[in-house]
Amino acid sequence: MNNSRIASIFSQIADLLEIQDENPFRIRSYRRAAQAIESCAEDLASWALHRGDQPLHLPGIGSGMSQKIREIATEGRCREHQDLLGRLPSGLLDFLRVPGLGPRKTGLIYRELGISTLAQLERAAREGKLQALPGMGAKSESKILRGIEDLKKVAGRVLWIEAEQEIQEIRTRMTACPEIQTLEVAGSFRRRRDTVGDIDILAIGSIAEPVMETFCSLPAVKEVLARGTTRSSIRLESGLQVDLRLVPPESFPAALQYFTGSQAHNVALRERAKRSGYKINEYGLFREPEDAPCPIAGEEDLYRICGMDWIPPELRENRGELEASAAGRLPKLVEWQDIRGDLHNHTRDSDGACTMEELALWADCRGYEYLAITDHSKSLTVAHGLDERRLLRQMEEIDRWNARADKPFRVRLLKGCEVDIKADGSLDLDPEVLSRLDLVIASVHSHMSMPRDEMTERIVRAMSYGCVHLLAHPTGRILLQREPFDLDMEKIFGAALRWGVALELNAFPARLDLDDIHCRMAKEKGVKVAINSDTHAAEHFHFLRYGVFQARRGWLEKGDVLNTQSLDELRATLRQGKRIPAGLA
DNA sequence: GCCGTTTTCGGCCCGACTGTTTTCAGTCG
């Protein structure tokens with residue numbers, strides 16, 4: 001039972017209570033709790049099992065919520081949730097995913113028509129039964145029908161990189177509109193979340209009509225969802241929703257802050273502002289009670305007046321950044337320029353598309369000091385993985401390149417390998433051969449649905465081999481496709497610390513594994529993180545940028561990231577980590 | 001249900017747009 005699963009139960013309780021028209025503040029408590037649990041760096045299942053009698057110092061989690069977390073962690077369920085599910089069909093939760101359909105109307109439809117599945121809802125809408133209900137008309141009904149259609153097609157969120165592609169197109173066309181002075185993308189995209197649910201665009205413009213007209217008639221528009229003078233919403237052919245807000249110049253800083261979110265961050269910020277006698281909304285900062293506007297030139301002013309330093313968007317998740325900022329203790333986040341080399345790359349020898357020389361030339365273009373060649377090992381036959389003999393030959397080739405005075409590149413090549421962790425936790429290649437490498441990456445590519453204890457034990461065992469330096473894509477997740485392994489991350493971090501193993505933040509846009517929460521956990525435990533592109537083709541090199549975004553979301557600073565080290569420092573770190581414990585060599 | 005430089009009781013962020021409404025509720029972000 002990982003934190004996300006526990007959080008989703010709390011969210012469901014909130015949804016179910018809301019459908020029942022319960023006390024809105026009680027509902028908000030559950031939502032806050034879900035958010036706190038989702039963002040929590042501690043594995044709550046472990047807490048419940050081992051230290052459940054100690055209080056959880058999480059904002060919004062009191063004794064009642066703690067009790068429920070314990071219940072869920074130990075029994076896999078909690079009574080409150082079960083009781084609610086006993087009273088209401090779980091299918092009603094799907095209704096909330098239909099745009100335009102919220103908890104009140106869901107409750108109304110259920111009570112009046114006895115409907116509780118999307119299929120029944122669709123039928124009722126087609127038969128015109130919904131518009132008979134109070135507050136619902138023909139328009140609501142057809143909107144619900146369209147919403148159900150979209151739900152069937154649209155998965156919902158998209159990868160950050162996919163949103164970026166849509167945004168480039170939109171930006172080009174919108175900035176061609178002469179009435180627009182400034183255009184900025186806010187929302188989860190600006191916060192660099194790994195996936196994006198919709199795109200929020202903010203513009204300064206003189207006259208609304210032509211701006212909204214340009215926006216609502218973009219070539220990629222499938223449907224205009226709303227059109228006003230300050231806000232319009234469209235759905236693109238791809239299914240992605242895009243919102244545009246038009247604001248006057250003087251409101252831009254406040255609007256940028258407001259629409260960047262996250263919602264939890266904003267709520268907490270506004271509560272703070274209120275305590276200091278201010279009101280914040282998307283139009284600006286106002287001194288209470290007379291509602292006098294305070295001029296602000298940028299987001300910095302907004303935060304400063306509330307007694308804080310400017311908070312980088314990546315941190316705005318209400319995970320302690322407001323407190324850290326107020327105390328002047330925000331981290332100095334790692335930047336792309338801090339990266340000195342890439343430690344995970346594949347050549348044609350396994351499943352890469354480039355030769356070693358081509359990779360090296362690309363690494364030079366990026367100004368890297370070092371580049372590790374880390375092809376797959378033999379059991380990954382689909383990737384034409386290397387056995388000991390081929391690996392030794394590749395090592396000789398790297399030595400020859402590094403020794404050549406007339407080589408066409410400057411970057412230092414490191415001898416490495418991405419060795420498979422077999423089902424029993426042993427390594428796919430002879431540890432003796434591996435120990436001759438500069439860098440050994442271990443990773444799981446098979447038997448991915450093991451039970452939690454078994455998978456944890458397997459990976460811990462692999463890390464305990466003295467020759468392993470780095471655990472690649474530790475949780476195995478593929479965003480929007482494959483769930484992470486069921487792992488006890490506390491134990492993984494413990495083993496990493498004990499055996500001197502760094503954890504990878506794999507920067508492939510669909511992986512971004514470790515995620516932000518786990519990056520922060522690594523930092524707190526003192527485990528180094530390596531941000532790697534996992535390059536299989538030249539165009540993958542720049543993926544490292546997405547890894548840096550994620551690292552920043554995980555509060556990582558330069559010193560927390562292994563490959564910000566110079567070559568000499570890196571070599572020392574890799575050697576230092578490898579004090580092979582007696583009896584295991 | 002949580003929480004406390006106003007509080008252990010009484011608060012709990014704020015505004016735009018839509019649709020079905022003659023003044024507002026619901027939804028959304």
Side-chain angles (χ1 to χ4, degrees), chain A residues 10 13-15 17-19 21-36 55-69 80 95-109 130-144 147 186-189 191 196-202 208 212 224-233 241-247 251 254-255 257-286 288-289 291 306-307 318:
Chain A
F10 278 76
I13 292 175
D15 287 342
L17 289 173
E18 206 167 4
I19 293 172
D21 212 3
E22 263 274 2
N23 177 346
F25 299 110
R26 186 162 168 244
I27 293 162
R28 205 182 71 167
S29 295
Y30 279 99
R31 292 210 197 289
R32 284 197 148 185
Q35 193 246 332
L56 261 181
H57 297 291
L58 279 181
I61 305 285
S63 62
M65 297 291 189
S66 296
Q67 173 53 34
K68 292 188 177 69
I69 294 173
E80 173 89 22
F95 287 21
L96 303 180
R97 289 160 52 221
V98 178
L101 202 47
R104 313 295 290 252
K105 285 185 179 166
T106 295
L108 178 74
I109 292 170
L130 297 185
Q131 47 179 307
L133 298 175
M136 305 252 290
K139 284 199 169 181
S140 311
E141 199 171 62
S142 61
K143 188 177 180 193
I144 287 171
S188 53
F189 182 83
R191 301 199 312 279
V196 172
D198 57 17
I199 296 172
D200 294 292
I201 300 177
L202 203 58
M212 292 310 181
V224 176
L225 301 171
R227 180 169 173 165
T229 52
T230 64
R231 201 198 100 194
S232 293
S233 289
Q241 183 176 325
V242 187
D243 296 342
L244 174 70
R245 266 95 176 185
L246 194 63
V247 298
S251 296
Q257 192 290 317
Y258 183 91
F259 292 115
T260 296
S262 66
Q263 194 172 0
H265 174 91
N266 285 356
V267 167
L269 176 68
R270 272 171 272 165
E271 280 171 0
R272 266 175 185 266
K274 203 174 174 182
R275 282 203 296 274
S276 329
Y278 292 96
K279 181 181 77 175
I280 298 177
N281 58 28
E282 59 264 57
Y283 298 108
L285 179 73
F286 303 88
E288 303 262 64
D291 226 20
C306 296
N318 196 27

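Being a predicted model, the structure only gives us computed values, none of them experimental.
Residue contacts shown for A:A254 are absent, as no nucleic acid heavy atom lies under 4.0 Å away. Looking at heavy-atom distances under 4.0 Å, A:S63 makes contact with sugar-phosphate atoms alone, never a base.
Under the side-chain contact (heavy atoms from CB on, under 4.5 Å) criterion, A:Y283 pairs with A:S251, A:N281, A:F286, sequence neighbours left out. Residues meeting the ring-ring contact (aromatic ring centres under 6.0 Å, His included) test with A:F189, sequence neighbours left out: A:W160. Remark: A:R28 engages A:R32, A:E271 in a side-chain contact (heavy atoms from CB on, under 4.5 Å) (not counting sequence neighbours). Partners of A:N318 according to the side chain to side chain donor-acceptor pair (under 3.5 Å) rule, which considers only residues two or more places apart in sequence or in another chain, do not exist here. For A:A255, the side-chain contact (heavy atoms from CB on, under 4.5 Å) criterion is met by A:L202, A:V247, A:F259, not counting sequence neighbours. Qualifying side chain to side chain donor-acceptor pair (under 3.5 Å) partners for A:E80, counting only residues two or more places apart in sequence or in other chains: A:R26. A:E18 pairs by the salt bridge (Lys or Arg N to Asp or Glu O under 4.0 Å) definition with A:R31, not counting sequence neighbours.
Each of B:dG15, B:dC2, B:dG19 was ranked by its minimum atom distance to the side chain of A:N281; first place goes to B:dG15. Listed candidates were B:dG15, B:dG19, B:dG1. Nearest to the side chain of A:K139 is B:dG19.
Here, B:dC14 and B:dT22 have their C1' atoms 26 Å apart, quoted to the whole Å. Nucleotides B:dC9 and B:dG15 have their C1' atoms positioned 29 Å apart, rounded to a whole Å. The same atom, P, is picked in B:dA16 and in B:dG10; the two are 32 Å apart, to the nearest Å. Remark: the separation of the P atoms in B:dT20 and B:dG26 is 14 Å, to the nearest Å. Spacing between B:dT7 and B:dG11 at atom C1', rounded to whole Å, works out to 9 Å. Spacing between B:dG1 and B:dT6 at atom P, rounded to whole Å, works out to 27 Å.
Between A:E271 atom CD and B:dC14 atom C1' there is a gap of 12 Å when expressed in whole angstrom units. The distance between atom CZ of A:R32 and atom P of B:dC2, rounded to the nearest whole Å, is 12 Å. Atom CZ in A:R28 sits about 11 Å away from atom C1' in B:dC3, given to the nearest Å. In this structure, A:F10 atom CZ and B:dC2 atom C1' are separated by 13 Å, rounded to whole Å. Between the NZ atom of A:K279 and the C1' atom of B:dG15 there is a distance of 9 Å, rounded to whole Å. Look at CD on A:E22: it is 16 Å from C1' on B:dC12, rounded to the nearest Å. At whole-Å resolution of the value, NE2 in A:H265 and C1' in B:dC14 are 15 Å apart. The nearest whole Å value for the distance from the CG atom in A:L269 to the C1' atom in B:dC14 is 12 Å.
Comparing A:I61 and A:T229 along DNA chain B, the residue whose closest nucleotide (by nearest heavy atom) sits nearer the 5' end is A:I61.
Formation of a donor-acceptor pair under 3.5 Å by the A:R191 side chain with backbone atoms of A:T260 is found in this model. Remark: the backbone N or O of A:L130 is paired with a side-chain donor or acceptor of A:E141 at under 3.5 angstrom.
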Which parts of nucleotides 5-10 of chain B does protein reach within less than 4.0 Å, heavy atoms only, written one letter per nucleotide 5' to 3' as B for base, S for sugar-phosphate only and - for none? ------
For nucleotides 22-29 of chain B, read 5' to 3', which letter fits each nucleotide if B means a protein heavy atom sits under 4.0 Å from the base, S means only the sugar-phosphate is that close, and - means neither? ----SSSB
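Of all non-hydrogen atoms in A:V196 and A:S188, the two that sit nearest each other are CG1-OG, 3.8 Å.
Pairing of B:dC24, defined by two Watson-Crick or G-U wobble distances under 3.5 Å, is identified with B:dG19.
Contact check, A:S140 against B:dT20: a side-chain N or O comes under 4.0 Å of OP1 or OP2.
Residues A:K143 and A:L101 are not in side-chain contact: their nearest non-hydrogen atoms beyond the backbone lie 4.5 Å or more apart.
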